[in-house]
Amino acid sequence: MANYIQLFTGPDKESTDENARAGWLGWMTGGTPRGVADVRMRDPIALGGVPRSDRYASRDWLHNTANLANSAILKSIRFPVLFMTFWGTAISFLHRLLPRFGYGQMAKHMTIPTQPHSLTVSALGLLLVFRTNSAYQRFAEGRKIWEEILSVARDLSRLGKLYETQIGVAKLRRVNKLLAAFPYLLRFRIKPNSIMRKLDDPEVERDPEFSLILYQDHATSDSDYEAAAVASDEETTGMSRRKPRELYWVDKRTLPWRLLPTQAMGDCARSQNRPLWVCDRLAKELHSVPDQDSWTARERLTLVAKVEKLSGYIGACERIHQTVVPLNYARHALRSLTMWLLSLPFALVKDTKLMTGPILFVISWMLFGVYEIGYSIEDPFQGTLRLSILCDAIRRDVLGDELIRSTAFVLEKEAKKPTVTTSRTSAEGTTDVIVIVEDDDDDEEDDYDGDDLDDIAVKIEDIIIDELGNAVDEMALNGTDGEEDSSDNSNSNSKSGIKMKNINGNGTSTLVEEKIVTQ
């Protein structure tokens with residue numbers, strides 16, 4: 001959960017002064033007081049979160065400039081920036097003091113033209129921009145990978161819910177728990193888990209009942225010299241010289257361990273690649289579902305394909321984490337930047353004099369800041385991306401909102417309109433019945449329910465309309481007093497009519513027209 005703190009809070013007098021200045025500074029600050037800033041934490045403080053101000057719009061330029069001392073980038077590059085500032089200040093004082101002691105010619109020869117720096121600044125800019133762009137591409141790719149993990153987890157949870165009857169409630173519950181634990185285990189693999197404590201740590205008391213012994217699970221980097229040496233020895237001599245790994249312990253009641261089934265918790269903890277172990281168990285759980293109605297090899301392979309995508313994302317995250325920027329390029333860019341800044345005071349001191357130090361402070365802050373930004377985002381899993389928020393989002397979508405989300409898979413009974421179709425054959429001839437159902441309700445949706453159809457009553461009025469539109473008595477149409485006259489039956493002409501029927505049920509009026517043709 002995000003934490004909020006306030007900066008620059010002071011006595012009431014200072015607050016009054018800030019309000020007084022807000023009038024004539026309002027056009028610069030956009031009406032936002034400069035004395036108080038809301039800072040949101042990237043991660044919980046217990047996990048080493050770094051505060052970050054939310055105010056970085058163009059209208060907040062004065063606020064960001066005044067809070068330059070709180071910049072995380074400036075804190076990271078403060079040593080090279082301060083060194084370049086002191087270096088420029090020392091050169092400016094030396095250039096000013098040499099003529100006073102009779103070394104004016106030396107002061108004149110210590111200056112250089114500005115053309116060399118003007119020519120090389122373009123190449124230096126290309127080095128920094130290329131490094132920053134490549135680092136941002138890695139950042140964007142890492143965020144895209146985790147967005148796909150979130151989408152695949154939602155799809156797998158949805159498909160499992162659709163086939164809950166075939167999979168089984170207990171098995172589906174295990175699958176969802178494993179699915180919710182997967183992002184946490186992947187996060188701990190590409191970012192060392194700071195929650196893990198060493199087994200021999202005397203500062204933390206361990207409860208044997210709720211502690212789980214395990215090894216640190218982290219993906220090795222391709223610049224790990226020790227791992228490269230061990231691999232080379234195994235290839236050449238066939239002997240393994242791996243050092244014993246240090247033991248750690250975690251609390252079973254914390255995430256993601258409490259999500260794992262009790263039987264699988266120990267096996268997963270002993271695995272060298274825990275997110276891959278979870279994918280293997282997910283595939284086995286889905287593969288063990290027997291064939292039945294609505295569950296064949298097609299459905300099984302569809303769900304297993306989702307698990308295979310999760311397994312592929314492990315390798316994608318490891319690729320970004322393990323593959324560093326080429327060392328030669330990074331060192332060349334840093335060396336070029338350092339040499340350019342070290343020689344810059346000699347080109348500026350003739351014109352800027354004692355202002356060389358402050359000017360060099362600004363220039364070194366800008367250039368070293370660009371380099372540091374590229375360095376910090378080239379591995380986005382070390383704090384740039386908020387993986388804890390993404391992991392929590394997956395867990396809530398799969399397990400947290402399970403009860404509410406399950407209501408989406410319960411369909412209401414579809415309403416059916418009553419229809420009546422009858423045919424009657426008599427000795428006198430054939431009677432054809434044509435049923436026309438009309439709904440007199442003006443509402444867009446019918447309120448029929450499956451149980452209400454049984455209560456619909458059909459009432460027939462003995463009214464017959466002839467072809468001319470006149471109402472004719474039914475008894476007169478069939479014969480007086482209902483008696484059959486054989487002579488009339490043999491010589492009678494064809495008579496026809498339309499019989500009106502009203503079907504009423506639950507406030508719904510339905511009109512049925514029955515056409516009767518007699519011969």
*Asks:* Applying side chain to side chain contact (heavy atoms under 4.5 Å, CB included) to Tyr215 and Gln272, what does each step give before you reach the verdict?
*Replies:* CA-CA 8 Å; Tyr215 293 109; Gln272 294 185 356; over 6 Å; no
*Asks:* Determine, for Asp155 against Lys306, whether the closest basic-nitrogen to carboxylate-oxygen distance falls under 4.0 angstrom.
*Replies:* yes
*Asks:* When you check the side-chain N and O atoms of Thr323 and Arg138, is any donor under 3.5 Å from an acceptor?
*Replies:* no
*Asks:* Would one find more than 12 heavy atoms of other residues, nucleotides or ligands at under 6.0 Å from atom CG of Leu68?
*Replies:* yes
*Asks:* Between Leu390 and Arg386, is any pair of side-chain heavy atoms under 4.5 Å apart?
*Replies:* no
*Asks:* Check whether more than 12 heavy atoms from other residues, nucleotides or ligands sit under 6.0 Å from atom NZ of Lys350, and answer yes or no.
*Replies:* no
*Asks:* Do Leu310 and Leu179 make a side-chain contact, defined as non-hydrogen atoms from C-beta onward lying under 4.5 Å apart?
*Replies:* yes
*Asks:* Answer yes or no: is there a side-chain heavy-atom contact under 4.5 Å between Tyr371 and Arg131?
*Replies:* yes
*Asks:* Does a salt bridge link Lys284 with Asp280, judged by any charged N lying under 4.0 Å from a carboxylate O?
*Replies:* no
*Asks:* Verify the ring-centre separation between Tyr136 and Phe139: is it less than 6.0 angstrom?
*Replies:* yes
*Asks:* Please walk me through it: do Asn67 and His63 pass side chain to side chain donor-acceptor pair (under 3.5 Å)?
*Replies:* CA-CA 6 Å; Asn67 290 281; His63 166 81; 3.2 Å; yes
*Asks:* Do Leu348 and Met355 have side-chain heavy atoms sitting under 4.5 Å apart?
*Replies:* no
*Asks:* Of the options Leu344, Leu342, Thr85, which is the one that meets Leu360 in a side-chain contact (heavy atoms from CB on, under 4.5 Å)?
*Replies:* Leu344
*Asks:* Please answer whether the main-chain N or O of Asp379 pairs with a side-chain N or O of Gln382 as donor and acceptor at a distance below 3.5 Å.
*Replies:* no
*Asks:* Does Phe130 have more than 12 heavy atoms from other residues, nucleotides or ligands lying within 6.0 Å of its CZ?
*Replies:* no
*Asks:* Between atom CG of Leu172 and atom OG of Ser157, what is the distance when rounded to the nearest 0.5 Å?
*Replies:* 7.5 Å
*Asks:* Show the numbers, then the answer: is there a side chain to side chain contact (heavy atoms under 4.5 Å, CB included) between Asp207 and Asp251?
*Replies:* CA-CA 8 Å; Asp207 188 355; Asp251 194 340; over 6 Å; no
*Asks:* Any non-hydrogen side-chain atom of Leu128 less than 4.5 Å from a side-chain atom of Phe368?
*Replies:* no
*Asks:* So which atom in Trp249 and which in Ser211 form the shortest heavy-atom distance, rounded to 0.1 Å?
*Replies:* CE3-CB, 3.6 Å
*Asks:* Got more than 12 heavy atoms from elsewhere within 6.0 Å of CG, Asp293?
*Replies:* no
*Asks:* Decide side chain to side chain donor-acceptor pair (under 3.5 Å) for Ser151 and Glu148; before the verdict, give the C-alpha distance in whole Å, the side-chain angles of both, and the deciding distance to 0.1 Å.
*Replies:* CA-CA 5 Å; Ser151 300; Glu148 292 175 352; over 6 Å; no
*Asks:* What pair of heavy atoms forms the shortest contact from Leu150 to Ala393, and how long is it?
*Replies:* CD1-C, 4.4 Å
*Asks:* Does Arg395 make a cation-pi contact with Tyr184 (under 6.0 Å, within 45 degrees of the axis)?
*Replies:* no
*Asks:* Would you find a donor on one side and an acceptor on the other, under 3.5 Å apart, between the side chain of Glu308 and the backbone of Ala283?
*Replies:* no
*Asks:* Is there a side-chain contact between His95 and Lys353 in this structure, where contact means two heavy atoms from C-beta onward sitting under 4.5 Å apart?
*Replies:* no
*Asks:* Between Lys177 and Glu285, is the salt bridge (Lys or Arg N to Asp or Glu O under 4.0 Å) condition met? List the steps.
*Replies:* CA-CA 12 Å; Lys177 284 187 174 182; Glu285 291 281 359; over 6 Å; no
*Asks:* If you take all heavy atoms of Ser343 and Ile112, which pair is closest and at what distance?
*Replies:* O-CD1, 3.9 Å
*Asks:* Taking C-beta and beyond as the side chain, do Lys171 and Leu286 meet within less than 4.5 Å on heavy atoms?
*Replies:* no
*Asks:* For side chain to side chain contact (heavy atoms under 4.5 Å, CB included), just list the numbers for Arg258 and Met265, CA-CA rounded to whole Å, side-chain angles, deciding distance to a tenth of an Å, and then say yes or no.
*Replies:* CA-CA 8 Å; Arg258 64 182 177 89; Met265 187 181 300; 6.0 Å; no
*Asks:* Which heavy atom of Arg158 sits nearest to which heavy atom of Arg405, and what is that distance?
*Replies:* CB-NH2, 3.7 Å
*Asks:* Enter the distance from Ser294:OG to Leu162:CG here, rounded to the nearest 0.5 Å.
*Replies:* 11.0 Å
*Asks:* Carefully, step by step, assess Leu199 and Tyr248 under the rule side chain to side chain contact (heavy atoms under 4.5 Å, CB included).
*Replies:* CA-CA 5 Å; Leu199 190 62; Tyr248 292 80; over 6 Å; no
*Asks:* Just verifying a value: how many Å separate Trp87 CH2 and Ile91 CD1, rounded to the nearest 0.5 Å?
*Replies:* 4.0 Å
*Asks:* Without swapping roles, check the side chain of Ser336 against the backbone of Ala333 for a donor-acceptor pair under 3.5 Å.
*Replies:* no
*Asks:* Is it the case that more than 12 heavy atoms not belonging to Gln292 sit under 6.0 Å from its CD atom?
*Replies:* yes
*Asks:* Is Pro183 close to Trp146 at the side-chain level, that is, under 4.5 Å between some pair of heavy atoms?
*Replies:* yes
*Asks:* Identify whether the distance between the nearest side-chain nitrogen and carboxylate oxygen of Arg189 and Glu318 falls below 4.0 Å.
*Replies:* yes
*Asks:* With rounding to the nearest 0.5 Å, note down the distance linking CG in Leu387 to CZ in Phe188.
*Replies:* 10.0 Å
*Asks:* I need the Gln166 CD to Thr296 OG1 distance, nearest 0.5 Å.
*Replies:* 10.0 Å
*Asks:* Distance-only, no hydrogens or angles: does the Thr89 side chain make a donor-acceptor pair with backbone N or O of Leu354 under 3.5 Å?
*Replies:* no
*Asks:* State whether the number of non-hydrogen atoms from other residues, nucleotides or ligands found under 6.0 Å of Phe86 atom CZ is greater than 12.
*Replies:* no
*Asks:* Could you report the tightest heavy-atom contact between Trp295 and Pro290, atom names first, then the distance?
*Replies:* CD1-O, 3.1 Å
*Asks:* Does a salt bridge link Asp291 with Arg300, judged by any charged N lying under 4.0 Å from a carboxylate O?
*Replies:* yes
*Asks:* Tell me the closest heavy-atom pair linking Gly142 and Leu385, and the distance in Å.
*Replies:* C-CD1, 3.8 Å
*Asks:* Would you call Glu164 and Lys161 a salt bridge, using N to O less than 4.0 angstrom?
*Replies:* yes
*Asks:* Look at atom NZ of Lys309 and say whether more than 12 heavy atoms of other residues, nucleotides or ligands are closer to it than 6.0 Å.
*Replies:* no
*Asks:* Hey, does the side chain of Ser76 reach the backbone of Ala72 with a donor-acceptor pair shorter than 3.5 angstrom?
*Replies:* yes
*Asks:* Give a yes or no on this: more than 12 heavy atoms of other residues, nucleotides or ligands lie within 6.0 Å of atom CH2 of Trp365.
*Replies:* no
*Asks:* Do Thr352 and Thr356 have side-chain N/O donor and acceptor atoms under 3.5 Å apart?
*Replies:* yes
*Asks:* Set out, in order, the CA-CA distance, both residues' side-chain angles and the distance that settles salt bridge (Lys or Arg N to Asp or Glu O under 4.0 Å) for Arg206 and Asp201, then state yes or no.
*Replies:* CA-CA 9 Å; Arg206 182 174 67 90; Asp201 190 356; over 6 Å; no
*Asks:* Going from CG on Leu282 to OG on Ser311, what distance comes out if it is rounded to the nearest 0.5 angstrom?
*Replies:* 10.5 Å
*Asks:* Going by atom types alone, do Ser134 and Gln137 pair a side-chain donor with an acceptor below 3.5 Å?
*Replies:* no
*Asks:* With a 3.5 Å distance limit and no angle check, can you tell me whether Tyr329 reaches the backbone of Leu127 through a side-chain donor-acceptor pair?
*Replies:* yes
